[in-house]
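To find a chain, count down the sequence lines: A is the first, B the second, and so on, and within it residues start at 1.
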Protein chains: 2
Amino acid sequence: MRGATTPELFDSCSSCPIRHRAVCARCEPDELDQLEDIKYYRTFEAGQPIVWAGDRMEFVASVVAGVATLTQTMEDGRRQMVGLLLPSDFVGRPGRETAKFDVTAVNTVTLCCFRRKPFEHMLETTPHVAQRLLEMALDELDAAREWMLLLGRKTAREKIASLIAIIARRASIDGADTTDGVSVELPLTREAMSDYLGLTLETVSRQISALKKDSVILLDGNRRVLIPDMRALLDETGDDDDGGMLN
Amino acid sequence: MRGATTPELFDSCSSCPIRHRAVCARCEPDELDQLEDIKYYRTFEAGQPIVWAGDRMEFVASVVAGVATLTQTMEDGRRQMVGLLLPSDFVGRPGRETAKFDVTAVNTVTLCCFRRKPFEHMLETTPHVAQRLLEMALDELDAAREWMLLLGRKTAREKIASLIAIIARRASIDGADTTDGVSVELPLTREAMSDYLGLTLETVSRQISALKKDSVILLDGNRRVLIPDMRALLDETGDDDDGGMLN
DNA sequence: CCGGCACTTTGACACGGATCAAAGGCCAGA
DNA sequence: TCTGGCCTTTGATCCGTGTCAAAGTGCCGG
């Protein structure tokens with residue numbers, strides 16, 4: 001998941017065709033050449049599996065465009081999302097032979113893939129890549145821990161409010177005007193939201209309706225959400241801070 | 001949290017007084033000198049707070065002995081454990097000024113602390129330390145994701161069985177005989193278990209009683225658990241694999 | 001324009017776990 | 001040995017969310 005990384009890093013390496021934080025920030029030209037040799041792009045359509053848990057992983061990758069999910073499934077079909085991958089997020093784990101989770105495209109996804117073995121080699125020889133990856137992994141760990149609080153202790157209503165707040169925050173990273181009403185496109189179906197939140201899709205639907213009835217949110221179609229008052233939404237999340245949404 | 005790191009790494013640097021994976025494996029003598037300068041030990045008694053969320057963090061640390069927890073608390077008192085820290089686990093985050101979670105000693109805890117600023121400096125100049133920390137962070141991320149499945153989708157009974165299995169696995173890393181019955185000391189109170197699992201302590205108690213009634217576990221006092229048949233316990237966890245418990 | 005399909009909403013009811021309450025162990029200190 | 005406090009167990013009841021069912025909505029292709 002994308003954490004609180006500085007936008008400058010993202011753009012600091014404009015000569016790199018990847019233009020991607022994970023491997024691009026602070027890259028030297030010869031390192032970029034090295035990357036060029038081992039990288040390739042792949043595109044996946046909405047709903048398509050990217051990897052299945054247990055598959056052999058030949059690559060690690062960066063999400064360039066689109067949204068993908070990381071999920072775990074139990075034998076009887078119970079499913080839990082454990083990662084939501086947005087552009088700039090990293091897929092795969094250096095040093096791991098077989099995937100541990102299912103990765104699925106939510107909409108059209110473009111990945112910038114790196115062959116795993118050479119990428120691992122580069123990790124060992126190019127210190128700042130390991131440092132950058134460490135930073136990203138720690139951001140994800142923080143996000144995972146917030147998510148654990150949500151899963152373990154929040155009510156269905158708080159979960160929905162939190163999810164909308166999380167998506168709104170990410171969508172408005174480059175500071176869209178927050179003063180009077182924010183509009184967000186939910187990239188997920190009700191079912192995917194339920195997998196994220198540890199609920200059923202019926203409960204998700206009911207709680208969204210309830211928040212609408214109470215004018216905390218407005219719906220435009222059933223994917224676009226209008227937030228008339230961000231403060232009011234944040235009050236519904238159960239969090240004591242604003243998650244960096246307010247000034 | 002401790003992941004599937006090789007025991008060799010732990011012992012590979014016997015000259016290092018820290019004898020600790022995070023910073024010790026593959027250390028060169030001069031790097032060890034550098035570490036010596038910035039390290040100090042601290043001990044905390046059972047129940048004592050180690051840091052509060054929001055506190056300024058002057059150090060990062062390794063757990064040398066004892067058990068500590070990472071928890072988040074909501075305004076109304078709802079609490080969720082988000083990390084269980086055992087010996088060799090890492091505390092704190094390089095680059096972070098203020099703690100994000102409460103850290104509490106469960107029993108007597110000894111930390112090997114490193115002053116944060118110099119440690120961060122060493123991270124930048126000593127590549128293999130960043131690589132090692134990356135590996136540890138990714139292990140923790142995997143553990144956090146398993147935990148998310150537990151919190152979001154497992155029943156109370158499955159949660160309890162999973163927790164006992166997790167503790168049993170860690171306790172018997174150096175291959176205690178698994179063939180006929182394993183005995184594990186639970187380091188946590190029922191309340192701490194409930195914080196781990198996203199349950200109430202009453203439910204924890206009831207489900208432990210139920211597993212006992214069904215002879216999946218036996219109790220010796222109420223902290224020591226005997227597992228007559230590991231396979232039977234693992235069947236109760238809802239997981240499809242054995243989590244590396246069986247041969 | 002219509003039909004079909006996937007997604008969503010709403011309703012009725014069931015059930016697992018929370019809540020409230022009280023009693024039972026266990027250990028440290030007097 | 002007795003006492004007080006903390007942890008744990010057990011019981012009764014309640015409520016939030018899951019489950020099952022059916023109807024509504026919107027979109028794409030024919």
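The side-chain contact (heavy atoms from CB on, under 4.5 Å) check on Leu201(B) picks up Arg190(B), Ser194(B), with sequence neighbours excluded. For Asp235(B), the side-chain contact (heavy atoms from CB on, under 4.5 Å) partners two or more places apart in sequence, or in a different chain, are Arg231(B). Every residue was checked against the side-chain hydrogen bond (donor to acceptor under 3.5 Å, both in side chains) condition with Asp220(A), not counting sequence neighbours, and none meets it. Thr98(A) pairs by the side-chain contact (heavy atoms from CB on, under 4.5 Å) definition with nothing, not counting sequence neighbours. Under the rule for a side-chain contact (heavy atoms from CB on, under 4.5 Å), the partners of Thr71(A) that lie at least two apart in sequence or sit in another chain are Thr69(A), Arg79(A), Met81(A), Asp102(A).
Taking the nucleotide of DNA chain D with the nearest heavy atom to each of Arg190(B) and Gly198(A), the more 5' of the two is matched to Arg190(B).
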Can I get a per-line list of side-chain donor-acceptor pairs under 3.5 Å for residues 44-53 of chain A, giving both atom names and the distance, sequence neighbours left out?
unit_1   : atom_1 : unit_2    : atom_2 : d
Glu45(A) : OE1    : Thr108(A) : OG1    : 3.4
Gln48(A) : OE1    : Glu45(A)  : N      : 2.7

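Ion pairing between Glu158(B) and Arg153(B) fails under the 4.0 Å rule for side-chain N and carboxylate O.
Here the P atom of nucleotide dA18(C) and the CD atom of Glu191(B) are 13 Å apart, to the nearest Å. Rounded to whole Å, the distance from NZ on Lys212(A) to P on dT8(C) is 13 Å. To the nearest angstrom, C1' of dA18(C) lies 15 Å from CG of Asp195(B). Look at CE on Met193(B): it is 11 Å from C1' on dC7(D), rounded to the nearest Å. Rounded to whole Å, atom C1' of dT9(C) lies 14 Å from atom CD1 of Ile160(A).
At the phosphate of dT10(D), OP1 or OP2 sits under 4.0 Å from a side-chain N or O atom of Ser209(B). Of the side-chain N and O atoms in Thr189(A), none sit less than 4.0 angstrom from OP1 or OP2 of dC7(C).
Note: Trp147(A) and Tyr196(A) have parallel aromatic rings, judged against thresholds of 30 and 60 degrees for the angle between ring planes.
Sorted pairs that involve residues 65-75 of chain A and meet salt bridge (charged side-chain N to carboxylate O under 4.0 Å, His left out), not counting sequence neighbours, are lacking altogether. For residues 49-71 of chain B, the pairs satisfying salt bridge (charged side-chain N to carboxylate O under 4.0 Å, His left out) are Arg56(B)-Glu58(B), Arg56(B)-Glu97(B), with sequence neighbours left out. Contacts classified as side chain to side chain donor-acceptor pair (under 3.5 Å) and involving residues 206-215 of chain A (residues at least two apart or in different chains) are given here: Arg157(A)-Asp214(A).
Distance from the side chain of Ser205(B) is smallest for dT10(D) among the nucleotides dT9(C), dT10(D), dG17(C). Which of dT10(C), dT8(D), dG18(D) sits closest to the side chain of Leu201(B) comes down to dT8(D).
In the helix from dC1(C)-dG30(D) to dA30(C)-dT1(D), the rotation axis of the first five pairs and that of the last five pairs differ in direction by 40°, rounded to 10 degrees.
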Protein and nucleotides 3-6 of chain C: nitrogen or oxygen contacts under 3.5 angstrom:
none

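Residue contacts for Arg223(A): at a heavy-atom cut-off of 4.0 Å it reaches the sugar-phosphate backbone alone, with no base atom in range. Heavy atoms of Ile208(B) sit nowhere under 4.0 angstrom from any nucleic acid atom.
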With sugar-phosphate taken as primed atoms, P, OP1 and OP2 and all else as base, the protein-contact string of nucleotides 20-28 of chain C at under 4.0 Å (heavy atoms; B, S, -) is B--------
